[in-house]
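Throughout, protein chains are lettered first and strands after them, A, B, ... in sequence-line order, and every chain is numbered starting at 1. Quick note: numbers below take in every heavy atom, side chains included, and nothing from hydrogens, waters or symmetry partners.
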2 protein chains.
Amino acid sequence: MAEKPHKYLKIIEYIKKGIDYKGFTDSIPSENQLAEKFGVSRMTARRALVELALEGTVDRIPGKGTFVRKHRHYTSGFFTVRPFRKWAEELNAELRTEVLKAEIGQPPHDVALKLDYQGETILLEMLNYLDGIPVRHSKRYLRADYCAGILWEDLANQSVHEILMGKYKLPLTRISQTMTAVGLPAALTDLFQEAAGYPVFFFQRIAFSEKIPINYVEYTMRGDMAFEDTFSPRLYPQDIAPVDQ
Amino acid sequence: MAEKPHKYLKIIEYIKKGIDYKGFTDSIPSENQLAEKFGVSRMTARRALVELALEGTVDRIPGKGTFVRKHRHYTSGFFTVRPFRKWAEELNAELRTEVLKAEIGQPPHDVALKLDYQGETILLEMLNYLDGIPVRHSKRYLRADYCAGILWEDLANQSVHEILMGKYKLPLTRISQTMTAVGLPAALTDLFQEAAGYPVFFFQRIAFSEKIPINYVEYTMRGDMAFEDTFSPRLYPQDIAPVDQ
DNA sequence: CAGTGGTCTAGACCACGTC
DNA sequence: ACGTGGTCTAGACCACTGC
């Protein structure tokens with residue numbers, strides 16, 4: 001009846017306990033040290049460390065070593081935010097995008113702060129419909145010095161993300177965002193055709209390209225548009241990857 | 001001047017093009033076939049397929065093969081849902097948990113359906129406070145045949161998750177959940193001390209242990225509790241792919 | 001320079017699904 | 001019986017950071 005758990009799992013378990021019980025507070029044994037300690041090949045020890053890095057438990061730095069992440073992500077779940085177009089496809093819904101504003105000018109103070117930038121910005125305001133129902137409103141500020149030409153693009157039929165990636169070679173390397181639930185503000189009641197106070201999601205997102213904040217967006221989205229996700233806390237064999245392209 | 005990109009990246013590129021140009025519409029060459037075609041070892045071909053599976057581009061099924069995913073996960077972001085206790089720690093807030101109900105009985109019909117189970121369930125109703133403010137209400141049904149003893153545990157000071165994992169050896173292997181934004185229902189106005197209609201998050205979550213659904217929870221959480229996340233859309237310890245050109 | 005992680009090889013055994 | 005993916009071995013070379 002002897003269990004025969006995989007060796008790399010035993011190593012992962014060992015390291016996690018070492019972290020929890022403060023055995024390792026910063027550095028973690030190297031691949032070679034683990035391989036010797038557990039009597040396994042280096043590839044197997046490596047596998048354990050790679051999985052821990054994928055989980056976010058650990059950081060690996062070539063030439064230096066493997067280190068405990070201070071801000072562990074004890075994720076007990078997550079919700080993915082997909083590009084609107086892909087979402088519409090999954091729901092088999094007809095997507096329409098209306099461009100309400102597309103202009104250049106000085107951004108409000110708070111936006112300038114968030115972008116850490118004093119110059120002019122492109123303001124894009126749009127409304128997305130699914131099957132004729134207004135579902136998401138977005139108000140977006142883009143650094144004009146990077147992509148002013150976006151004003152001449154066909155904004156109704158391509159995502160801003162795609163345009164930035166494709167024509168302006170601005171890959172989004174980091175995203176920082178918050179989400180709250182709020183009541184629909186009075187300014188948007190006409191667009192959504194709902195009463196003020198109707199429950200909606202409110203997102204604020206800053207997107208970075210190579211550490212430079214390029215894009216600040218505020219999304220307001222109907223609260224009855226459910227986010228659904230299924231995932232397994234085991235990562236290697238399958239599932240999930242916060243990747244875009 | 002010869003470029004020397006990694007071999008597994010070439011294989012990934014090959015497969016992605018095969019998918020885009022409809023060369024592969026369903027099945028993808030096996031590890032052995034790829035290894036031979038590219039003149040690499042099986043481990044290298046495998047690496048390519050594993051990464052594609054991690055990305056969500058492909059599904060791998062032991063004993064069968066590797067297949068193109070129809071439902072590609074074009075993630076443009078995500079929000080993690082952390083255990084409440086960890087969240088409180090990050091916010092440096094004092095956590096208090098009040099147990100409102102802890103009893104055994106027949107579950108409502110819709111819950112029995114979601115758990116795919118006809119027997120008795122444990123009903124746990126709790127309210128979590130952060131710094132004295134009621135922030136999250138939970139109503140949870142657990143299969144009594146797996147963990148009836150949980151009624152005698154100290155529910156106010158341990159998470160249900162921890163108890164299931166620790167004492168009942170029920171690791172949660174999968175989670176399926178939805179999130180919406182709704183107005184606070186009248187039944188909860190007293191607990192939250194807010195008017196009906198106050199914007200809140202509403203979560204419905206089913207947690208599985210080894211493919212058996214054992215836990216159904218409904219969370220209602222104040223909408224002003226922001227979810228924050230920062231992430232970089234690159235996954236495997238290897239940076240940006242030198243996109244086409 | 002020795003140590004680290006990143007890639008790669010050419011074998012091996014296993015559990016599983018298909019025929 | 002055969003092919004598939006999952007795990008594992010005992011070597012190897014490289015690029016990088018530290019001293």
B:Thr66 side-chain N/O to D:dG5 phosphate OP1/OP2 under 4.0 Å
yes
Would you indicate, yes or no, if D:dC8 has its OP1 or OP2 atom less than 4.0 angstrom from a side-chain nitrogen or oxygen of A:Arg47?
no
Quick check on D:dT4: is either OP1 or OP2 less than 4.0 Å from any side-chain nitrogen or oxygen of B:Gln33?
yes
Between atom CG in A:Asn32 and atom P in C:dG5, what is the gap in whole Å?
8 Å
Without decimals, in angstroms, what is the distance between B:Ile28 CD1 and D:dT4 C1'?
14 Å
Can a donor-acceptor pair be found, under 3.5 Å and without considering hydrogens, that links the side chain of B:Tyr14 to the backbone of B:Leu9?
no
Sequence neighbours left out, what passes side-chain hydrogen bond (donor to acceptor under 3.5 Å, both in side chains) with B:Glu31? Give chain and number order.
B:Arg42, B:Arg46, B:Arg60
Which protein N or O atoms sit under 3.5 Å from an N or O of nucleotides 10-13 of chain D?
from: D:dA12; atom 1: N6; to: A:Arg42; atom 2: NH1; distance (Å): 3.2

The ring pair (Phe, Tyr, Trp, His ring centres under 6.0 Å) partners of A:Tyr141 (sequence neighbours excluded) come to none
Is the phosphate of C:dG6 approached by A:Arg46 (side-chain N or O, under 4.0 Å from OP1 or OP2)?
yes
Which residues pass the side chain to side chain contact (heavy atoms under 4.5 Å, CB included) test with A:Leu113, sequence neighbours left out?
none
Each base of DNA chain C marked ( ) or [ ] if paired in-strand (Watson-Crick or G-U under 3.5 Å), | if paired to another strand and . if unpaired gives ..||||||||||||||||.
Can you classify the ring geometry of A:Phe201 versus A:Phe203 as parallel (below 30°), tilted (30 to 60°) or perpendicular (above 60°)?
tilted
Could you work out which one of D:dC8, C:dG5, C:dT7 sits closest to the side chain of A:Lys7?
D:dC8
For A:Asp26, give me all partners under side chain to side chain contact (heavy atoms under 4.5 Å, CB included), at least two apart in sequence or on another chain.
A:Phe67
Taking only residues two or more places apart in sequence, or in another chain, which ones meet B:Thr180 in a side chain to side chain contact (heavy atoms under 4.5 Å, CB included)?
A:Ala226, B:Val182, B:Phe202
Let me have the donor-acceptor pairs involving side chains of residues 32-39 of chain A, under 3.5 Å, with sequence neighbours excluded, atom names and distances please.
from: A:Gln33; atom 1: OE1; to: A:Ser30; atom 2: N; distance (Å): 3.0

Comparing A:Ala45 with B:Glu31, nearest DNA chain D nucleotide closer to 5' gives the residue B:Glu31
Compare side-chain N and O positions of A:Tyr8 against OP1 and OP2 of D:dC8 and report whether any pair is under 4.0 Å apart.
no
Partners meeting side-chain hydrogen bond (donor to acceptor under 3.5 Å, both in side chains) with B:Thr220 (sequence neighbours left out):
none
Short side-chain N/O contact from B:Ser30 to OP1 or OP2 of D:dG3, under 4.0 Å:
no
How many Å lie between CZ on A:Phe38 and C1' on D:dT9, as a whole number?
17 Å
Anything under 3.5 Å between a protein N or O and an N or O of nucleotides 14-19 of chain C, put it in a table, one pair a line.
none

If you find the nucleotide of DNA chain D closest to B:Gly65 and the one closest to A:Thr44, which residue's nucleotide is nearer the 5' end?
B:Gly65
Quick one: is A:Arg60 getting a side-chain N or O under 4.0 Å of the C:dG6 phosphate, OP1 or OP2?
yes
Round to the nearest Å and state the distance from B:Leu9 atom CG to C:dC8 atom P.
8 Å
Can you name the side-chain hydrogen bond (donor to acceptor under 3.5 Å, both in side chains) partners of A:Arg140, sequence neighbours left out?
A:Asn215, A:Tyr219
side-chain hydrogen bond (donor to acceptor under 3.5 Å, both in side chains) filter on B:Thr97, not counting sequence neighbours, yields B:Asn128
side-chain contact (heavy atoms from CB on, under 4.5 Å) with A:Arg205: of A:Met179, A:Gln177, A:Glu218, only one passes, and it is A:Gln177
